[in-house]
Number of protein chains: 4
Amino acid sequence: MLDGQLHEGQGGDTDTDPAVGGIAADRLRSIIERVERLEEERKALAGDIKDIFTEAKSAGFDVKVIRQIIRLRKLEPAEVEEQETLLDIYRRALGI
Amino acid sequence: MLDGQLHEGQGGDTDTDPAVGGIAADRLRSIIERVERLEEERKALAGDIKDIFTEAKSAGFDVKVIRQIIRLRKLEPAEVEEQETLLDIYRRALGI
Amino acid sequence: MLDGQLHEGQGGDTDTDPAVGGIAADRLRSIIERVERLEEERKALAGDIKDIFTEAKSAGFDVKVIRQIIRLRKLEPAEVEEQETLLDIYRRALGI
Amino acid sequence: MLDGQLHEGQGGDTDTDPAVGGIAADRLRSIIERVERLEEERKALAGDIKDIFTEAKSAGFDVKVIRQIIRLRKLEPAEVEEQETLLDIYRRALGI
DNA sequence: CGGCCGTCTAAGGATC
DNA sequence: GATCCTTAGACGGCCG
């Protein structure tokens, strides 16, 4: 029964304005709803991305490798070098 | 899994698609760019959300608690699923 | 109020043996408890691993790279080759 | 972040530790081997758990449902946290 | 700058 | 046997 607070507002006090916190309650509600709306949009975009990967897979691409490429493109070239260099150093330290 | 783009190509790309190393390069590029575009939009939305929280903080709200509220609102639908009591579940586990 | 079923057994019927499912209930309880015990041990090991990485970090190592090395050591050498080859192919297809 | 093992070394390894490329090779090897050992133990435990479920299945239990029970038992302690009602949380968010 | 939280990836299990 | 989904682990960003 958290639903009262969750989905209806402070049960029945909507006419005279929130009894709790005065005008602030409306402000709070607005904030929460705007954030939730934006999060939904984010979620929708995530779905779109997923669809593209599904399409890629259908076309015969290796999705994991595509992700890797996208990751590399996001990194500064210097960063990539650095990571690879460090990996080599550790490898040689281990003799592998 | 080297098949797919390496050994099959994919339907319809054999004529006009510039194949590099047996790969439908344009198709690949398109996939990657679309994903990157969507990720940018996602990032922008994250920024918008952050702005709202900054505003909330300025208005004197406790941002951490607001996050908590949003989290709870998201979780509650899931709790409905758990309405099925453990006793029932045990019974099903026991096959009776 | 799931606690009855969860932590005490089927409230009060422990003497004559479970009223639900006969002997099976005890068997079920045993299975669950053994699994839970093993999962705790797993969790403890995860903590130990985490501690080692913390130590590694303190010693100045790059934890991410160490993880990468461990991952590589786990893979068949052939697998490593394959992934790298495919990555190169995609990269060349994109001209990067 | 090339510092750390590359440019600082770490406390006490300068005298006896075989340094390869400026790296405390033995220290690194020790870290990796300990992690790998622990991961093996984890894997072994996973096998034990799997065996129990196999046994359960043989005994006629519904493995999926047993997993569900274990999952729920794990979640319940968390629910206690949520006892704090949303109203209280809202009040805190509003600072009253 | 270290710890915490949330997201994202990868592996394992269930399903068809 | 392949796909889909769920879950655990890894990663990066945010906050204190």
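Just so it is clear: chains get the letters A, B, ... in the order the sequence lines come, proteins before strands, and each one is counted from 1. The analysis underlying the following values was restricted to heavy atoms, covering all of them including side chains, and did not include hydrogens, waters or symmetry mates.
One interatomic measurement links the two molecules: CD1 of I49(B) to P of dC14(F), which rounds to 11 Å at whole-angstrom precision. The CD-C1' distance, from E76(A) to dG12(F), rounds to 16 Å in whole Å. The distance from atom CG of D51(A) to atom P of dC4(F) is 12 Å, rounded to the nearest whole Å. Distance CD (Q68(B)) to P (dC14(F)): 20 Å, rounded to an integer number of Å. The distance from atom CG of L75(B) to atom C1' of dC5(E) is 14 Å, rounded to the nearest whole Å. Atom CD in E39(A) sits roughly 11 Å away from atom P in dC8(E) (whole-Å rounding). I70(C) has its CD1 atom 13 Å from the C1' atom of dA10(F), to the nearest Å. Rounded to an integer number of Å, the gap from L45(B) CG to dG6(E) C1' is 16 Å.
In terms of heavy-atom proximity, R92(B) sits nearest to D62(D) at O-CB, 4.4 Å.
Residue whose closest nucleotide on DNA chain F sits further toward the 5' end, between K50(B) and K74(D): K74(D). Each of R67(B) and R42(C) lies near DNA chain F, and the nucleotide nearest R42(C) is the one positioned closer to the 5' end.
Remark: R91(C) does not engage E84(C) in a salt bridge, criterion side-chain N to carboxylate O under 4.0 Å.
By the neighbour-count criterion of 12 heavy atoms within 6.0 Å, atom CZ of R29(B) is densely surrounded, having more than that number from other residues, nucleotides or ligands.
The listed nucleotides are dA10(E), dC14(F), dG6(E); the one nearest the side chain of R71(A) is dA10(E).
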Set out, in order, the CA-CA distance, both residues' side-chain angles and the distance that settles side chain to side chain contact (heavy atoms under 4.5 Å, CB included) for R37(C) and R42(C), then state yes or no. CA-CA 9 Å; R37(C) 174 78 185 108; R42(C) 268 175 66 81; over 6 Å; no
Show your reasoning for whether side chain to side chain contact (heavy atoms under 4.5 Å, CB included) applies to Y90(B) and I32(C). CA-CA 11 Å; Y90(B) 272 100; I32(C) 289 172; 4.1 Å; yes
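Looking at residues 52-59 of chain D, you'll see that no heavy atom sits under 4.0 Å from any atom of DNA chain F.
Heavy atoms of K64(A) sit under 4.0 angstrom from primed sugar atoms or phosphate atoms, though from no base atom.
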Identify every side-chain donor-acceptor pair in residues 63-76 of chain C under 3.5 Å, counting partners at least two apart or on other chains, and give the distances.
| from | atom 1 | to | atom 2 | distance (Å) |
| --- | --- | --- | --- | --- |
| R73(C) | NE | E36(D) | OE2 | 2.7 |
| R73(C) | NH2 | E36(D) | OE1 | 3.0 |
| K74(C) | NZ | E39(D) | OE1 | 3.2 |

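Under the ring pair (Phe, Tyr, Trp, His ring centres under 6.0 Å) criterion, no residue pair touches residues 34-72 of chain D, with sequence neighbours excluded.
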